[in-house]
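Below is one structure; the comments refer to it alone.
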Amino acid sequence: MSLRTHTCGELRKNNVGETIALCGWVGSRRDHGGLVFIDLRDRYGVTQVVFNPKVHPQAYEVSKDLRPEFVISIKGQVSERPSGTTNSKLPTGEIEVSAEVLEILNPSQTPPFEIQDEVEVSEDIRLKYRYLDLRRPFMQRNLLNRYRISKIARDYLDKQNFLEVETPMLTKSTPEGARDYLVPSRIFPGKFFALPQSPQLFKQLLMVSGYDRYYQLTRCFRDEDLRADRQPEHTQIDIEMSFIDEEDVFKLIEGLLSEVFKGVLNLELKMPLPRLTYEEATSRFGSDKPDLRYDFKLVDLTNWAKTVEFKIFRETAEKGGKVKAINAKKGASFSLKDIEDLTEFVKSLGAKGLAWMKYEESGEWKSPIVKFFLTTNLAELKNQMKAEPEDLILFVADKKEVVHSTLGPLRLKVVEKLGIKPKTDFALLWVVDFPLLEYSEEEKKFVAVHHPFTSPKKEDIALLDKEPLKARAKAYDLVINGTEAGGGSIRIHSQDLQKRMFNLLGINDQDAQVKFGFLLEAFKHGAPPHGGIALGLDRLTMLLLGLKSIRDTIAFPKTQSSSCLMTESPSEVSERQLKELHLNKGRE
RNA sequence: GGGGGUGUAGCUCAACCGGCUAGAGCGCUGCCCUGUCACGGCAGAGGUUGCGGGUUCGAGCCCCGUCACUCCCGCCA
């Protein structure tokens with residue numbers, strides 16, 4: 001017979017009188033000398049159990065030994081709580097179980113921290129005892145909602161005729177992109193597998209095979225440095241389709257997101273999602289993943305700057321750079337120290353400095369540089385910036401890229417500092433028309449912005465020969481609250497175009513053959529037009545639940561230095577293992 | 001690779017200008033308590049101030065180094 005008849009979250013008034021059995025962990029224990037109460041907890045909830053010496057003396061005797069986190073089973077009758085003793089905070093708060101039989105299934109040491117959401121615990125302690133951390137309602141809720149998202153995604157894609165296909169975890173290293181995690185081959189001395197950064201090539205091959213609607217919830221590995229929203233292994237909802245164009249992807253994903261937001265948060269998203277081109281996003285918000293929960297934008301003052309005396313502005317504008325500014329509404333309250341901090345902030349991001357002007361109640365501008373501007377300049381500035389009393393204008397003058405990459409983050413910094421409330425809980429959008437290529441100063445060559453299999457826009461193919469940097473790609477990102485939640489592209493399916501791309505990227509025929517020969521060969525055998533997208537499941541979960549870190553959506557995440565504090569990995573291996581793999585220990 | 005923050009009792013934190021016999025809350029242990037649910041009362045245990053070195057009459061506090069965690073830049077097709 002099963003040890004329990006119910007879970008700790010389900011008993012209600014209508015169960016009163018039933019004899020039931022519960023199992024779970026002891027939460028708080030309240031010993032009144034005569035009467036003992038405990039909160040019995042499992043992942044479904046909490047139920048109060050009462051031990052009464054007058055009614056069931058044996059169970060009462062055993063209950064004296066109970067301590068937090070003991071695993072127990074109890075048998076007893078569900079009873080209505082005496083009036084005035086119900087607990088409205090608990091779904092089970094109208095009833096309690098009067099224990100007739102108590103069995104301690106397993107005692108527990110005192111836990112290193114209390115299993116409650118209210119108790120703050122530093123992250124390294126949580127990670128070391130992750131199995132205890134995962135007992136907390138906070139983490140149980142996160143993992144439950146993560147599961148709901150995957151379930152909704154699978155159900156939705158299944159209904160849309162998609163087929164989940166698994167692809168290899170041991171695969172070929174490709175030097176493009178992120179650093180690979182390598183797995184040495186025992187059979188082939190000196191050769192290595194790589195863990196996949198994504199199933200990119202395999203899903204394209206599945207298109208060639210005729211699996212025209214593929215998806216997979218799969219792990220991806222990238223050996224790069226971590227962030228709050230980046231882990232060395234993360235899970236993608238990976239999708240690829242044949243005979244489609246960008247619009248089909250947007251429609252499919254908008255349908256998926258509608259169901260996810262509805263299913264998890266009971267929220268109706270307005271569809272279709274807004275779109276910004278890469279150009280619009282970067283010039284208005286200084287980011288290719290703009291956070292549209294806040295509306296103030298970068299204002300382009302380059303033309304105005306050409307008319308002013310102030311040398312830094314005028315010369316930057318005349319030499320082809322940009323002068324842009326943001327209006328930090330009501331930012332006049334910032335002290336000089338605050339502004340100095342903001343200046344340091346943009347400098348750390350690569351700006352040469354930060355100019356500022358306060359527009360005062362009196363209608364006067366206050367700023368160390370105000371003397372370099374004519375009254376007409378200032379009037380025009382007020383007009384362009386829509387400045388009102390108590391506003392603070394923050395300027396950066398530099399190359400376009402620097403202006404965007406400094407004012408973009410500054411915009412968010414100012415939002416945070418001013419405590420501006422978001423207009424909405426969720427701002428989703430597509431960023432489209434990414435550039436196909438960018439120039440890598442480090443490698444002194446063109447590199448693909450997305451990946452080398454991304455198709456250029458049809459109308460931009462002609463640009464590939466003359467002005468390749470101007471060519472736009474059929475690539476798109478899904479952005480939620482300023483975080484990239486997914487991205488994809490329509491792929492190249494023609495061998496010729498693919499060859500031209502490789503040439504542009506400085507990958508010669510021989511290199512291409514060695515690295516991607518199997519894909520090029522496959523494309524000779526009837527490759528349909530295709531494209532797809534991958535959504536980050538961990539990030540999606542984080543964003544939906546409003547969490548600060550992706551780690552709170554992963555059962556067993558890594559620390560910032562990619563270690564696991566619980567298993568203490570990575571760890572040393574034996575000489576024998578190394579020998580079998582034909583490896584020598586690296587030197588420190 | 002670089003910049004910032006943190007590290008003191010099991011947990012979360014405090015300790016003013018370098019004077020401390022290093023405190024508090026929670027937790028823990030024991031005793032008391034029949035309607036609690038952040039139960040209550042009394043008593044108690046618990047510290048290599050991350051680690052190593054230095055300065056000083058004296059270091060949790062200052063200096064140098066190092067380790068761990070964390071946020072960010074670079075990196076992440």
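Just so you know, these numbers use all the heavy atoms, side chains as well, and skip hydrogens, waters and symmetry mates. So you know, we letter chains A, B, ... as the sequences are listed, proteins then strands, and number each from 1.
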Determine the contact category for [X]: base if any of its heavy atoms lies under 4.0 Å from a base atom, sugar-phosphate if only primed atoms, P, OP1 or OP2 are that close, otherwise nothing.
X        : answer
A:Val449 : sugar-phosphate
A:Ser198 : base
A:Val447 : nothing
A:Glu118 : nothing

Taking the [atom1] atom in each of [N] and [M], what is the distance between them to the nearest angstrom?
N      : M      : atom1 : value
B:rG30 : B:rG52 : C1'   : 41 Å
B:rC69 : B:rC26 : C1'   : 23 Å
B:rU12 : B:rG47 : C1'   : 16 Å
B:rG53 : B:rC61 : P     : 14 Å
B:rC73 : B:rC20 : C1'   : 42 Å

Pairing partner of B:rG58 (Watson-Crick or G-U wobble, both distances under 3.5 Å): none

Pair partner, B:rU36 [Watson-Crick or wobble, under 3.5 Å]: none

Atom pairs under 3.5 Å: protein N/O with N/O of nucleotides 3-10 of chain B:
{"residue": "B:rG10", "atom": "O2'", "partner": "A:Pro112", "partner atom": "O", "Å": "2.7"}

Sequence-aligned protein contact record of nucleotides 66-73 of chain B, with B where the base is within under 4.0 Å of a protein heavy atom and S where only the sugar-phosphate is: ---SBBSB

Nucleic acid footprint by protein, nucleotides 35-46 of chain B - heavy-atom cut-off 4.0 Å, B for base, S for sugar-phosphate alone: BBBSB-------

Per the side chain to side chain donor-acceptor pair (under 3.5 Å) rule, what does the pair list look like for [range], sequence neighbours excluded?
range                       : result
residues 334-348 of chain A : A:Ser335-A:Asp338, A:Lys337-A:Asp341
residues 497-510 of chain A : A:Asp465-A:Arg500
residues 25-34 of chain A   : A:Ser28-A:Arg30, A:Ser28-A:Asp39, A:Arg29-A:Asp31, A:Arg30-A:Asp39, A:Arg30-A:Gln48

Looking just at side-chain N and O atoms, do [X] and [Y] make a donor-acceptor pair shorter than 3.5 Å?
X        : Y        : value
A:His530 : A:Gln204 : yes
A:Gln197 : A:Asp180 : yes
A:His404 : A:Lys324 : yes
A:Asn142 : A:Thr553 : no
A:Ser489 : A:Arg491 : yes
A:Ser561 : A:Thr559 : yes

Nucleotide B:rG50, atom C1' - distance to NZ of A:Lys128 in whole Å: 13 Å

Close residues, residues 59-68 of chain A, relative to RNA chain B [heavy-atom separation under 4.0 Å]: A:Arg67, A:Pro68

Strand contacts (RNA chain B) in residues 506-523 of chain A, 4.0 angstrom heavy-atom criterion: none

Atom NZ of A:Lys445 with >12 non-hydrogen neighbours under 6.0 angstrom: yes

Heavy-atom neighbours of A:Lys400 NZ exceed 12 at 6.0 Å: no

Tabulate below the donor-acceptor pairs under 3.5 Å that side-chain atoms of residues 478-485 of chain A make, not counting sequence neighbours, or state none.
{"residue": "A:Asn481", "atom": "OD1", "partner": "A:Ala427", "partner atom": "N", "Å": "2.8"}
{"residue": "A:Asn481", "atom": "ND2", "partner": "A:Asp425", "partner atom": "O", "Å": "3.1"}

By ring-ring contact (aromatic ring centres under 6.0 Å, His included) - contacts of A:Tyr214 (at least two apart): none

Salt bridge (charged side-chain N to carboxylate O under 4.0 Å, His left out) partners for A:Lys289, two or more places apart: none

Partners meeting side-chain contact (heavy atoms from CB on, under 4.5 Å) with A:Val121 (sequence neighbours left out): A:Phe113, A:Val119, A:Ile125, A:Arg126

Near-ring test A:Phe37/A:Phe51, centroid separation under 6.0 angstrom: no

